[in-house]
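Keep in mind that this is a model prediction, so the values were computed, not measured. Here is how names work: the chains are called A, B, and so on, in the same order as the sequence lines, proteins then strands, and each is numbered from 1.
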2 protein chains.
Amino acid sequence: MNYSDIAKLLTENELKVTPQRVAVIDALFALKNHPTADAVKEFVRKNHPNLALGTVYNTLETFCEKGIVRKVKTDRDFMRYDIITQNHHHLYCGQCDRIEDFFDEELDEILLNYFSKKPIPGWDIKNIKLQIDGNYTNHKPPKNE
Amino acid sequence: MNYSDIAKLLTENELKVTPQRVAVIDALFALKNHPTADAVKEFVRKNHPNLALGTVYNTLETFCEKGIVRKVKTDRDFMRYDIITQNHHHLYCGQCDRIEDFFDEELDEILLNYFSKKPIPGWDIKNIKLQIDGNYTNHKPPKNE
DNA sequence: TTACTAAATAAGAATAATTCCCATTTAAGA
DNA sequence: TCTTAAATGGGAATTATTCTTATTTAGTAA
């Protein structure tokens, strides 16, 4: 995502285009594995050494309110953040802190179908996400690239 | 769950049967809506006023390690705890702090089937839970009971 | 370009959930 | 009953996150 795309995204959401916000969006796209606020701060400070940690939190919170970013629940310690692209599920590794996105439209279809036929009494369902717990088995030896 | 059931559960998991642990198990069964550590402390102190908050945390952590209890993290504030009975999913209300259990064996069957036919490369799947976000619409007026 | 203003940010203090430490107590087995 | 490793109480320490306030800035209109 280039600068003008980011600026557009912010403007569409009635947010001022500040260097800090652009930097946070950049970080969210660059950092895989659903970064913590602290990881975003580290990334962002490479180019903006004075960017305050409080600003990172503020910015992420604002983005969540606007629906640009989603908070990711883990059963570990901190909050982690996920820039929203399309509906997707999460794979959680039980042995390391990896959280991977999982896209599967066929599965989404099945779930949508299932719950439209069998609604849950007393609940108005907005969104269904899978939390898939397992172990990441694909650790490859490092290559020179 | 009566005392001897709880004692059995603890012994089976190689844990000493202490009044504090029994009280925490009692609290987890009594409190609905996936209590926080603080809610457990409050409940437990009715009968054990000196029970330390640190002990509540220790006990819950120990139970999690043994698989007696599961941590439930929301995108809000604290860690919450869920005593494990059988496989189930969670309904999260977007408007209040309600987290409800959701049991559906037919759905579990469908998911099991789906992923056995279509495994995820690089991942060894242990468990699939649904995170169902929506709004609880069933708030009833209080009755005298 | 300049001036204006509401919004955003920097810096650091404050808050509070959770963890840690250690002296004392206790459950369970011999 | 005795012994000992494990558990607990009490409170201090840690630290992710929020809050506060003075300063700066993006966007707008003249």
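With respect to the salt-bridge test (charged N to carboxylate O, under 4.0 angstrom), the residues B/E12 and B/K66 do not qualify. At a threshold of 4.0 Å, the pair A/K8-A/D5 does not count as salt-bridged, since none of the basic side-chain nitrogens sits closer than that to a carboxylate oxygen.
Summarising the geometry of B/A7 relative to B/V17, their closest heavy-atom pair is O-CG2, 3.8 Å, with the distance given to 0.1 Å. Residues A/H89 and A/I128 approach most closely at CE1-O, 3.7 Å, considering heavy atoms.
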Distances for protein N/O vs nucleotides 24-30 of chain C N/O pairs under 3.5 angstrom?
from, atom 1, to, atom 2, distance (Å)
C/dA28, OP1, B/V17, N, 2.7

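Dashed line: the shortest gap from a side-chain N or O of A/Q20 to OP1 or OP2 of D/dA26 is not under 4.0 Å.
Listed by residue number, the members of residues 38-69 of chain A with any heavy atom below 4.0 angstrom from DNA chain D are A/L53, A/Y57.
Panel note: side chain B/N33, backbone B/I99; a donor-acceptor pair is recorded below 3.5 Å.
Ring geometry, A/H34 versus A/H90: the interplanar angle exceeds 60°, so the pair is classed perpendicular (tilted spans 30 to 60°).
For A/K118, the salt bridge (charged side-chain N to carboxylate O under 4.0 Å, His left out) partners two or more places apart in sequence, or in a different chain, are B/D104, B/E106.
Atom CZ of B/F29 is separated from atom NZ of B/K32 by 9.5 Å, given to the nearest 0.5 angstrom.
Taking atom CZ of A/R21 as the reference point, atom C1' of D/dT25 lies 11 Å away to the nearest angstrom.
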